[in-house]
There are 2 protein chains.
Amino acid sequence: MFGKLLISGLFTTTMQEKLREHFEKIISLTDEEFAFVLSHFTFRKFKKHQYLIQQGDPVNHTFFVVSGLLRLSHTDANDKEHILLFAMEDWWVSDDHAFLTGTNATMSLDCLEDTGVFCITREDNRKLFAAMPKMEHFFLKKSHFGYIALQRRLLALLSSSAAERYQQLLMQYPSLIQRVNKTLLAAYLGVSRETLSRLTS
Amino acid sequence: MFGKLLISGLFTTTMQEKLREHFEKIISLTDEEFAFVLSHFTFRKFKKHQYLIQQGDPVNHTFFVVSGLLRLSHTDANDKEHILLFAMEDWWVSDDHAFLTGTNATMSLDCLEDTGVFCITREDNRKLFAAMPKMEHFFLKKSHFGYIALQRRLLALLSSSAAERYQQLLMQYPSLIQRVNKTLLAAYLGVSRETLSRLTS
DNA sequence: CTCCTAGCGTGATGTACATCACGCCAAACT
DNA sequence: AGTTTGGCGTGATGTACATCACGCTAGGAG
């Protein structure tokens, strides 16, 4: 009993503080407001290899990553997997299109490491945004940054060779190279594993 | 004198109504609010081939397209041009990264047709958003849609052949094919003009 | 200890593109 | 009318990649 209290108490406190810090980078919240926000979320832990979203299924949640590493990917008709993004701490992620429109997922979201996320349902999300516009502001701001980052990536894909894109990735996310294997990096860069291997050796 | 009054009167009224309609698809505005919003913008007309943003220059405005067609593009180190997007009526466009951070443009924005835009400076934009959060909401919402669209394009670039991407483009923006020549379409699709020509013939 | 699998490198071959070069045509310019 | 220019198609050739096939190594599971 004591152990349970201690551990879960410590744990949620840390998680909550992290979440709040992330929010407060963009908006400010009173204690009451933060408690209200929190009441819309559930915290969940997922193990490496677990799926948060499966391609083809309905998408009822969007996720805020507290720790760990997720992969948002699409498997095409030829069974080739393409990685849209790696979602790390402080990322807000889902299959946005499916979540927004209520259609089925065209992407999968799964764990490359054990991962902790705050989850919110479409309905709670709607309620939260209606009650607290600044939370929607926070969310949209994040998405705006994502848009800018995505433009850069698109440009890289259009104008750079595989070797150049790899170099750019090294610069921008040096930590990624430690955390994910080269097969995944290749799927992100849009080249085959073999080609990436030849580039690096 | 009569002619001037008539023409310019008609013109701005039409433009303004268009602008307001676009806003009201996402937010609602009173007449007073709309007038206040308008006071932050200037309306400008540009001729085909004119530049609104030149790669390398500071970016002090963001633009709302009322009519016409713009191209947002990047010219790489090998003098090859890549098109990030064609901005049509109802699009909000700029070099977002440069506009947001105050750095110089890494992209150019120019007219493929005679074009009418509402312009807003960084400073007026800041003031407007501060005074009317729902305008920021409108803007960020637009950007969120843009983000979703961009994800789809990234996926197409990663997983589809040039021929497939051309077909998808035909589906999604049939009107574009009438309005822009094949050299530009090729630059958008990320293939050479010759390859695109072979695909279509 | 042995087997099995995941991760990685590497050779041989195939292919979807880019590049270069050219010619045709229609519209615009003088 | 003659010349120029922009848009487009097309052949020949080059190349950056994908694909297939294989072998090596290290860590985990029986």
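- Between B:Thr195 and C:dA18 there is a side-chain polar atom (N or O) within less than 4.0 angstrom of OP1 or OP2.
- Rounded to whole angstrom, the span from the CG atom of A:Asn181 across to the P atom of C:dA6 amounts to 11 Å.
- Nucleic acid contact class of A:Ser201 (heavy atoms, under 4.0 Å, all strands): sugar-phosphate only.
- If you measure from atom CG of B:Leu158 to atom C1' of D:dA18, you get 15 Å, rounded to the nearest angstrom.
- Each of D:dT19, D:dT10, C:dT10 was ranked by its minimum atom distance to the side chain of A:Ser192; first place goes to D:dT19.
- If you take CG of A:Asp79 and P of D:dC20, they are 13 Å apart, rounded to a whole angstrom.
- The listed nucleotides are C:dG9, D:dC8, D:dC17; the one nearest the side chain of B:Thr183 is D:dC8.
- As a whole-Å value, the separation of B:Glu164 CD from C:dC17 C1' is 14 Å.
- Rounded to a whole Å, the CG atom of A:Leu196 is 12 Å from the C1' atom of C:dG7.
- Salt bridge status for A:Arg20 with A:Asp31: present, with a side-chain N to carboxylate O gap under 4.0 Å.
- Residue B:Lys182 places at least one side-chain N or O under 4.0 Å from the OP1 or OP2 atom of D:dG9.
- Using a 3.5 Å distance cut-off with no hydrogens or angles, the side chains of A:Ser143 and B:His144 do pair a donor with an acceptor.
- One interatomic measurement links the two molecules: CD1 of B:Ile177 to P of D:dG7, which rounds to 17 Å at whole-angstrom precision.
- Each of B:Arg193 and B:Leu199 was matched to the nucleotide of DNA chain C holding its nearest heavy atom; the match closer to the 5' end belongs to B:Leu199.
- The nearest whole Å value for the distance from the CD atom in B:Glu194 to the C1' atom in D:dG6 is 15 Å.
- For B:Arg198 and A:Gly190, each mapped to the nucleotide of DNA chain D holding its nearest heavy atom, the one lying further toward the 5' end belongs to B:Arg198.
- Residue A:Lys80 has a polar side-chain atom (N or O) positioned under 4.0 Å from OP1 or OP2 of D:dT19.
- Atom CZ of A:Arg179 has more than 12 neighbouring heavy atoms from other residues, nucleotides or ligands inside a 6.0 Å radius.
- In the displayed structure, A:Arg44 atom CZ is contacted under 6.0 Å by at most 12 heavy atoms of other residues, nucleotides or ligands.
- The CG atom of A:Leu157 sits 17 Å away from the P atom of D:dA16 (whole-angstrom rounding).
- Judged by distance alone, the side chains of B:His40 and B:Asn125 never bring a donor and an acceptor atom under 3.5 Å apart.
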